[in-house]
Q: 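One structure coming up, written as structure tokens, with questions to follow.
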Amino acid sequence: MLFTLQDQLTSLGKRIKARRLALDLTQQAAAAKAGVAHRTWRRMEAEGRASIEDLVRAAIALRCDEGIVALFPEIAVSSMDELLAQQRQTAKPPRKRASGARP
């Protein structure tokens, strides 16, 4: 089932509110904990609209920031060549020895 942008935003706002209520926080307390304005928090819950920074702050305040990593997972490789290239990119460069000879 495909959702429109507005459906996604409305659903997100409802989930933020439900999570806040489950943690027994008022909007003002949640906003303060997240470090955002109360007005911003109200808008997040009512419309699902916020900056990325405010959304991350809300996720941290509501103890659900682990899910942020899952929003944009790394793409799986489709061939051995891609896997090897990916490993080369993430490999640490070899350490250089300090100048001078070892005894």
Q: Should V56 and L12 be counted in the same cluster of Ile, Leu, Val, Met, Phe, Trp and Tyr side chains packed under 4.5 Å apart?
A: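 V56 and L12: separate clusters.
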
Q: Quick check: is L55 connected to L9 through a chain of hydrophobic side chains (ILVMFWY, heavy atoms under 4.5 Å apart)?
A: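 In one cluster with L9: L55, no.
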
Q: Do you know the tightest heavy-atom contact between A61 and A30?
A: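 Closest pair (atom of A61, atom of A30, distance): CB-O, 4.3 Å.
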
Q: Quick check for you: to the nearest 0.5 Å, what is the distance between K33 atom NZ and T26 atom OG1?
A: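 So the NZ of K33 and the OG1 of T26 are separated by 11.0 Å.
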
Q: How many angstroms lie between atom CZ of R49 and atom CD of Q6, to the nearest 0.5 angstrom?
A: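 Between atom CZ of R49 and atom CD of Q6 there are 5.5 Å.
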
Q: When W41 is tested against each of Q28, R20, K17 for side chain to side chain contact (heavy atoms under 4.5 Å, CB included), which residue passes?
A: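 Option passing the side chain to side chain contact (heavy atoms under 4.5 Å, CB included) with W41: R20.
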
Q: Quick one: side-chain hydrogen bond (donor to acceptor under 3.5 Å, both in side chains) partners of E82, sequence neighbours excluded?
A: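 Residues passing side-chain hydrogen bond (donor to acceptor under 3.5 Å, both in side chains) with E82: S78.
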
Q: For the atom pair CZ (R19) and CD (E45), what is the distance rounded to the nearest 0.5 Å?
A: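 That separation rounds to 13.5 Å.
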
Q: In terms of hydrophobic clustering (I, L, V, M, F, W, Y; side-chain heavy atoms under 4.5 Å; direct or indirect links), are V36 and L21 co-clustered?
A: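 Per the 4.5 Å side-chain linkage, V36 and L21 are not co-clustered.
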
Q: Which pairs, with at least one residue in residues 53-70 and sequence neighbours excluded, count as a salt bridge (charged side-chain N to carboxylate O under 4.0 Å, His left out)?
A: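 Salt bridge (charged side-chain N to carboxylate O under 4.0 Å, His left out) check on residues 53-70 returns E53-R57.
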
